[in-house]
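Single-structure report; data block below.
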There are 2 protein chains.
Amino acid sequence: MPARPQPLSRKDRRRESEKLILRAAEKVFAEAGFGGATMQLIADVAGLPKANLHYYFPTKESLYRQVVESIFQNWLTAADVFDSAPGPVEGIGAYIDAKMEISRRYPDGSKVWASEVMHGAPVIQDYLETTLVDWTEGRMAVIQRWIDEGRMDPIDPRHLLYMLWATTQHYADFGHQIETLNGGAPLSDAQWQAAKASVKAIILKGIGA
Amino acid sequence: MPARPQPLSRKDRRRESEKLILRAAEKVFAEAGFGGATMQLIADVAGLPKANLHYYFPTKESLYRQVVESIFQNWLTAADVFDSAPGPVEGIGAYIDAKMEISRRYPDGSKVWASEVMHGAPVIQDYLETTLVDWTEGRMAVIQRWIDEGRMDPIDPRHLLYMLWATTQHYADFGHQIETLNGGAPLSDAQWQAAKASVKAIILKGIGA
DNA sequence: CCACACTCTGACCAACCGGTCAAGTTTTTT
DNA sequence: AAAAAACTTGACCGGTTGGTCAGAGTGTGG
């Protein structure tokens, strides 16, 4: 019996349409920013009439909000590696790997997030103040514990986290600049490995892990 | 004899008007992005009628271009400290100090630059391919020399530069996020010093300098 | 003092944007 | 199969945007 394509239910079709629109929106928002993006262009990228977008997402801002929120969720879950690690070498090393991989695979999401924060986080300020603050304090406590256990130098955990975010996200947000400095070509597989290795080597040695 | 306000010449008045507009434009472009910025808002911030802007800068894009170019120049000159240094501790240390200071004093410029690059550098791609490539290769050679002289670990100079850019500019581009994580308050003088010290400590130790 | 070039600005315009809506089509429920 | 609910879409609209322009104001060289 062949894998017959089940006639998709209404909920499935709806979810698929929403995903299609959200993907197109993420791309357009990343390329043009919120102000520069137009519903018409998002519709064209998604291959739908503009009015259809407004059926699923009533306003441009609500569409943008969902894009940003999904990115934020993606961010948080990718950092679970942090907690289950016995020490900084494994924890921070895995965190760098995970974030570099996100930068490589979902650069658009990273750019949208960067743009949102740079413009003062007009739509996700509440998330910053609650979820991100909690998350950050949790990881800072983990790092502080490692310090207290003598597993790394007494670095200010806050600035270490900033450095991790900055360095890993840089490869997505400034990917175009990096590409230009690479002779116009995207980083090869080997170059990505080298980037990860360099980042990990400098930071892990830098914190005395 | 008192310092009498010399009746400004025409050229001086023109230059002053242009500076006034450029400052306002930098602020508005940083806050709203190119697409979100409006000539009307720039005019309001500058305290001039909108038509006056178009007298000095024919189009929105030409105004934006000049803003970005001036930022780029500011960038390059700020990195002279690199060359005259005898070794990585002084050179990279001073470079971090200089770039952190720029992030602190001119965050708007940093944001405009980041936004421009994130959107594919539509107006300064030629600068990236010529000036920035040359500049980068020059500093990479300096770092490589330090490595050859045994003054630091054999790190890939390229990724070290990326890390320096990412980390220092992060404090400007993501300043709002950092502020939120700081309880909503901007970093104090002491906190800025701590940030600089943390960054320098991790990186300089991380490269074995 | 005059002629000329430079500077300034309110009023205006075509193009475009986000969003609406009514009418049509498809799918599910009864 | 009929009715209801969900979905699709071309046409349309008020508001905003970048940019124009004629004409008024102002400093400067001869």
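Small disclaimer: the values here were computed from a predicted structure and weren't measured. Proteins get letters first, then strands, A, B, ... in listed order; numbering begins at 1 in each. Values below: every heavy atom of this structure, side chains too, minus hydrogens, waters and symmetry copies.
Rounded to a whole Å, the CG atom of L41(B) is 13 Å from the C1' atom of dT17(D). Rounded to whole Å, atom C1' of dT8(D) lies 9 Å from atom OH of Y56(A). Nucleotide dG19(D) holds its P atom 5 Å from the NE2 atom of H54(B), rounded to whole Å. Put simply, CG on D44(B) is 13 Å from P on dT9(C), counting in whole angstrom units. Going from atom CG of D12(A) over to atom C1' of dT28(C) covers 15 Å, rounded to whole Å. With rounding to whole Å, K50(A) atom NZ is found 13 Å from dA11(D) atom P. Rounded to an integer number of Å, the gap from CG of L53(B) to C1' of dT7(C) is 14 Å. As rounded to whole Å, 11 Å separates atom P of dT8(D) from atom CD of E16(A).
Ionic pairing of K200(A) and D97(A) is present here: one or more N-O contacts between side-chain nitrogen and carboxylate oxygen are shorter than 4.0 angstrom.
Regarding contacts with the backbone of dC7(D), a side-chain N or O of Y55(A) is found under 4.0 angstrom from either OP1 or OP2. Contact annotation: R14(B) side-chain N/O to dT7(C) OP1/OP2 distance is under 4.0 Å.
Which of dG19(D), dT9(C), dT9(D) sits closest to the side chain of T59(B) comes down to dG19(D). Nearest nucleotide to the T38(B) side chain, out of dG18(D), dG19(D), dC8(C): dG18(D). Out of dT9(C), dT20(C), dT20(D), the shortest distance to the side chain of P49(B) is found at dT9(C). Relative to the side chain of A51(A), the nucleotides dG19(D), dC21(C), dC8(C) differ in distance, and dC21(C) lies closest. Looking at the side chain of M39(A), the nearest of the listed nucleotides dC21(C), dG18(C), dC8(C) is dG18(C).
For the pair K111(B) and F29(B), the cation-pi test (distance below 6.0 Å, angle within 45°) is failed.
Two rings, from F72(B) and W75(B), have their centers 6.0 Å or more apart.
At distances below 3.5 Å, at least one donor-acceptor pair connects side-chain atoms of E116(A) with backbone N or O atoms of V123(A).
Residue contacts for A43(A): at a heavy-atom cut-off of 4.0 Å it reaches no nucleic acid atom on any strand shown.
The base of dG19(D) does not come close enough to the side chain of K60(B) for any donor and acceptor atom to sit less than 3.5 Å apart.
Taking the six-membered ring for Trp and thresholds of 30 and 60 degrees, H159(B) and Y171(A) have ring planes inclined between 30 and 60 degrees apart.
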